[in-house]
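For clarity, every value in this text was computed on a predicted model and none was experimentally measured.
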Amino acid sequence: MIKVHVFGKEGVHVKDFDSYKPNKAIEWINVVNPGREDINKISKKLGIGHKSLNDCLDPGERARVENRDGHSVIILKTPLAHENHIKTTSLGIIISGNYIMTIHPKADLFEGLIKEMDLSLVHRHTYQYIFSQIMLKIVRDFYEVLDKISDNVDELENKLLKSKALITMDKALSSKKTLLYFRKALMTNRDVVISLEKGDCPYISKKSSMMDIRMDSLQLMDMEEIMRERLTEVANLYMAAISNNLNITMKYFTVVATLFLMPMLITSAYGMNFRIIPLSQHSYGFWIVLGIVIAVITSMFVLFRRKDWI
């Protein structure tokens, strides 16, 4: 799907890419999950090589800035939902003097972003402003995912501290996997921002404010590191809970075995093949021995309760 957003003085309107011709208007070409036919169409009409377009769609491509003939290719990493966890994928941004183009697989990535843009700033700063808004959108997406991970960690910590029963660690494992993807993505995105600050892209002025985005990138990296440390602590707490539950179970087994130890010694004595055994000829001998056994068990149980062993 290819949409061309044209920023006019009165608003933004969308036109078909088939009839698109680069002109002096400020235009944002948003390409979502293009097929081979779309790639050929874009390459033919805008003169962008197939390799540049395919690199923008490669989820394993490293974030970087490259300058080609007549345009610059900026590849960034952005979060993408995948099965039961969130990984990262590539977002390609191609800037020339006539347009800015984004290429990505996420259909709703920029939903609502265009409506939020200040048209006066668009016309004043053109593609630098649009690019900065795209960067801020990526930062907000990372913040949103890390906030969800933080909530999951809080929930796991509360469950482990308040509940004696073991809990499932599915959320922790999913969050751990997400952070593994985020670590490299955030580092490479930061490197791209630093490269842009140095003026490596001719279409992004050195005077353009990238400091806020760089600071946000550093803060995201700090948040990711904190989340990893918290998840490690949750895993340690989980292992401690398993060990503690095992100790409690073994303690109960030991107490129960001890309660029946003395009665077993008493009753086993009456299984010996001796001619004379105390109370063997007494009419109430069985009930007397049974009473002694019950008294011993009760006494030991009371003793264990006082010592808070059971």
From CA spacing to verdict: side chain to side chain contact (heavy atoms under 4.5 Å, CB included), Ile103, Leu57: CA-CA 7 Å; Ile103 308 176; Leu57 294 169; 3.4 Å; yes
Verdict with reasoning, Met227 to Ser150, per side chain to side chain contact (heavy atoms under 4.5 Å, CB included): CA-CA 7 Å; Met227 289 301 105; Ser150 179; 3.8 Å; yes
Stepwise side chain to side chain contact (heavy atoms under 4.5 Å, CB included) check, Asn247 with Ser243: CA-CA 6 Å; Asn247 291 337; Ser243 178; 3.9 Å; yes
Trace of the side chain to side chain contact (heavy atoms under 4.5 Å, CB included) decision for Phe142 with Asp216: CA-CA 10 Å; Phe142 273 113; Asp216 284 333; over 6 Å; no
Test side chain to side chain donor-acceptor pair (under 3.5 Å) applied to Asn30 and Thr102, step by step: CA-CA 5 Å; Asn30 188 30; Thr102 52; 2.7 Å; yes
Stepwise side chain to side chain donor-acceptor pair (under 3.5 Å) test for Asn40 and His50: CA-CA 8 Å; Asn40 292 333; His50 284 72; 2.7 Å; yes
Chi angles and distances behind the side chain to side chain donor-acceptor pair (under 3.5 Å) call for Asn189, Ser217: CA-CA 7 Å; Asn189 279 2; Ser217 299; over 6 Å; no
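The side-chain heavy atoms of Ile297 and Met262, taken from C-beta on, include no pair separated by under 4.5 Å. The closest side-chain heavy-atom distance from Met101 to His71 is not below 4.5 Å. Counting heavy atoms from C-beta on, the side chains of Met221 and Glu224 never come closer than 4.5 Å. For the pair Arg64 and Ile74, the minimum side-chain heavy-atom distance is 4.5 Å or more. Val73 is listed as a side-chain neighbour of Cys56, based on a closest heavy-atom distance under 4.5 Å. Contact annotation: the side chain of Ile75 never approaches that of Leu91 to less than 4.5 Å [non-hydrogen atoms, C-beta and beyond]. Using a 4.5 Å cut-off on side-chain heavy atoms (C-beta onward), Leu179 and Arg183 make no contact. Within the 4.5 Å cutoff, side-chain heavy atoms of Ile93 are placed close to those of Ile134.
Every residue meeting the side chain to side chain donor-acceptor pair (under 3.5 Å) condition with Arg214, not counting sequence neighbours, appears here in chain and number order: Glu197.
Cluster membership check: Tyr252 shares its hydrophobic cluster with Val255, using side-chain heavy-atom separations under 4.5 Å among Ile, Leu, Val, Met, Phe, Trp and Tyr. Taken together through direct or relayed side-chain contacts under 4.5 Å among Ile, Leu, Val, Met, Phe, Trp and Tyr, Met239 and Leu156 form part of one hydrophobic cluster. Transitive grouping of hydrophobic side chains (ILVMFWY, heavy atoms separated by less than 4.5 Å) brings Val256 and Leu265 into a common cluster. Hydrophobic clustering (side-chain heavy atoms under 4.5 Å, transitive across Ile, Leu, Val, Met, Phe, Trp, Tyr) groups Ile226 together with Leu186.
Residue-environment remark: NZ (Lys15) exceeds the threshold of 12 foreign heavy atoms within 6.0 Å. Summarising the local packing, CZ of Phe260 is surrounded by 12 or fewer heavy atoms from other residues, nucleotides or ligands at distances under 6.0 Å. Enclosure of atom CE in Met300 by more than 12 non-hydrogen atoms of other residues, nucleotides or ligands within 6.0 angstrom is indicated. Surrounding CZ of Arg140 are more than 12 heavy atoms belonging to other residues, nucleotides or ligands, all under 6.0 Å away. Around NZ of Lys148, the count of heavy atoms belonging to other residues, nucleotides or ligands within 6.0 Å does not exceed 12.
With rounding to the nearest 0.5 Å, the separation of CG in Asp58 from CG in Leu53 is 13.0 Å. One finds the CD atom of Gln128 at 8.5 Å from the SG atom of Cys201 (value rounded to the nearest 0.5 Å). Taken to the nearest 0.5 Å, the CG atom of Asn67 stands 10.0 Å off from the CD1 atom of Ile95. Distance CG/Asp55 to CZ/Arg62: 14.0 Å, rounded to 0.5 Å. Atom CG of Leu220 and atom CG of Leu146 lie 6.0 Å apart (nearest 0.5 Å). Here Leu290 contributes atom CG and Tyr284 contributes atom OH; the two are 15.0 Å apart, rounded to the nearest 0.5 Å.
Between the Ser299 side chain and the Ala295 main chain, a donor and an acceptor come within less than 3.5 Å of each other. Looking at Ser43, its side chain does come within 3.5 Å of a backbone N or O of Ile48 through a donor-acceptor pair. With Ser195 contributing its side chain and Asp191 its backbone, the two residues share no donor-acceptor pair below 3.5 Å.
Between Ser90 and Pro105, the closest heavy-atom pair is O-CD, 3.9 Å. Residues Val193 and Met135 share a closest heavy-atom pair of CG2-CE, 3.3 Å. What you find for Tyr143 and Met223 is that their closest heavy atoms are CE2-SD, 3.4 Å. In terms of heavy atoms, Ala185 sits closest to Lys77 at CB-CB, 3.5 Å. Here the shortest heavy-atom pairing between Pro263 and Val296 reads CD-CG1, 4.4 Å. Shown here for Leu259 and Phe301, the closest heavy-atom pair between the two residues is CD2-N, 3.6 Å.
Applying the side-chain contact (heavy atoms from CB on, under 4.5 Å) test between Ile86 and each of Ile149, Leu80, Val145 identifies Val145 as the sole match.
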